[in-house]
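Data block below; observations after.
Both ligands and their constituent atoms are indexed starting at 1 by order of listing. The analysis underlying the following values was restricted to heavy atoms, covering all of them including side chains, and did not include hydrogens, waters or symmetry mates.
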Amino acid sequence: MRHLVVHGALDLPGDKSISHRALILAALGTGRSEIHGILASADTRATAASLARLGRPVPALGAAVSVDGSGLRLRHPPADVALDCENSGTTARLLAGLAAAQDSVTLIDGDASLRARPMRRIAEPLSEMGAGIHWRGAVGNLPMEVRGGGLRSVRYATEVPSAQVKSGVLLAGLCAGVPVAVREPLPTRDHTERMLQSLGVDLVLRDGWLELSPPLAIPAARYDVPADPSSAAFFAVLATTAARGSLTLRGVLLNARRTGFLRVLERMGGIFDVHNERVAGGEAVGDLVVHASPLRGAVVEADEVPDLVDEIPALAVLAAFAEGETVVRGAGELRVKESDRLDAVVQNLRRCGVQAEEYPDGFAVWGGGPIRSAAIDTRGDHRIAMAFAILSVASGVPLALDAPSCVDVSYPGFFTDLARIAPIP
Ligand code: S3P
């Protein structure tokens, strides 16, 4: 099954989470901000277009973007706004916070996948703050109308660990000028907090509560976006499952809330080194050198899930190459991502001849067996498409993806980069 010899280096696209936040915070700043290394993909373009609709224009996304911020509070916000967040949950939930703070009526909508994802989790804290929420279709799903303005302070404990919900509430407090406190059941990615703190915002963690005291304004800044560890994970799987060689993944974000996949990879026997470790834009960054190595199964428990929540499709493919059983538990949130990723990985692995079983909150994969040629039902989910493209290249077995272009959501150059490393069967 292992046949590849890998070598070379890749510069991966900018981190998706940080790119969304850099755009939003630049648009809320006072003066001209510069963003370097932003991810230019369908999701971040949805955020850029939505910010413009909200009365905060940002230029087209490129290697360097200059954003003239319009300040925390618009003097004349547009009265009626309609946002198309397309496939992007981050756009919908973060900008819901902005919309709630603004004296406007904002209709938030998205594609069929986003319409199926839970929005009550962000609507609830915003309505506690005084925003009017009206469901235009099914209760709890987009399209959702947000009547903003006149917000009050909130202390809100989220039911599920969600960086999007936490960030939406922080942004609502920031833009409305009211203090907010958020508590989460498990720590989630903390980019919003780090970025706000680097802008001088008074944001502290006290007794498990993240407390924000809003400033009158936030300054313009330079934002440097490191490479996305969630995109890097696919190539880390390719390198690890090769017969020989190694791949260098340059400038990857190494924030501990994003390196859960690397910790599991190590437990499974994966071998990698970090070179040139540094701090860039307030975040740990380094060059990852990932080596081909034998693998054994591992167990991933609920408390680890937030730190690798986007890497589970990649992990499932890794598990197909590992000797023995790999089990993921406590990952029920995967059912409400861009697709039901628990079902998608198990069904597609089985099509490829891999023994796999689905649980309500996870799955088990028995790896090390042969892969057979199959048609892959990506469900239009970028991470399912990339995971199975890696399985195909790593095994040398043709796998036909039904919608390969969905990778544009987070990694438009994925197939070009993949073809540079190894032939696509
Ligand atoms: C994200 C948070 C996570 C993650 C998503 C990006 C963010 O979602 O899965 O890809 O940028 O805040 P949840 O907040 O729904 O866990």
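Residue Arg121 has no N or O atom closer than 3.5 Å to an N or O atom of ligand 1. When only interatomic distances are considered, the shortest N/O to N/O separation between Val165 and ligand 1 does not fall below 3.5 Å. In terms of polar-atom proximity, Ser17 is counted as a contact of ligand 1, with an N or O under 3.5 Å from an N or O of the ligand.
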request  = Evaluate the side chain to side chain contact (heavy atoms under 4.5 Å, CB included) criterion for residues Leu418 and Leu238: first the C-alpha distance (whole Å), next the side-chain angles of each, then the deciding distance (0.1 Å), finally the verdict.
outcome  = CA-CA 9 Å; Leu418 183 56; Leu238 190 66; 3.8 Å; yes
request  = Would you please test Met386 and Ser410 for side chain to side chain contact (heavy atoms under 4.5 Å, CB included) and show each step?
outcome  = CA-CA 10 Å; Met386 290 189 277; Ser410 64; 3.4 Å; yes
request  = Given salt bridge (Lys or Arg N to Asp or Glu O under 4.0 Å), test Lys166 with Glu193 step by step and report yes or no.
outcome  = CA-CA 10 Å; Lys166 168 177 66 179; Glu193 297 93 298; 2.8 Å; yes
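Applying the salt bridge (Lys or Arg N to Asp or Glu O under 4.0 Å) criterion to Arg152, with sequence neighbours excluded, gives no partner residue.
Closest to atom 8 (O) of ligand 1 among all protein heavy atoms lies Lys337 NZ, 3.1 Å. Among all non-hydrogen protein atoms, the one lying nearest atom 14 (O) of ligand 1 is Ser162 OG, 2.7 Å. Closest protein heavy atom to atom 10 (O) of ligand 1: Asp310 OD2, 2.8 Å. Looking from atom 1 (C) of ligand 1 to the surrounding protein, the closest heavy atom is Gln164 NE2, 3.5 Å. Atom 12 (O) of ligand 1 has Arg21 NH2, 2.6 Å as its closest protein atom, hydrogens excluded (heavy atom only).
Within the 4.5 Å cutoff, the side chain of Leu342 has heavy atoms near those of the Arg335 side chain.
Against a heavy-atom cut-off of under 4.0 Å, Val309 is close to the following atoms of ligand 1: 9 (O).
At a heavy-atom cutoff of 4.0 Å, ligand 1 is contacted by the side chain of Arg93 but not by its backbone.
With a 6.0 Å radius and a threshold of 12 heavy atoms from other residues, nucleotides or ligands, Arg120 has its CZ atom at or below the threshold.
Aromatic ring centres of Phe234 and Phe388: separated by at least 6.0 Å.
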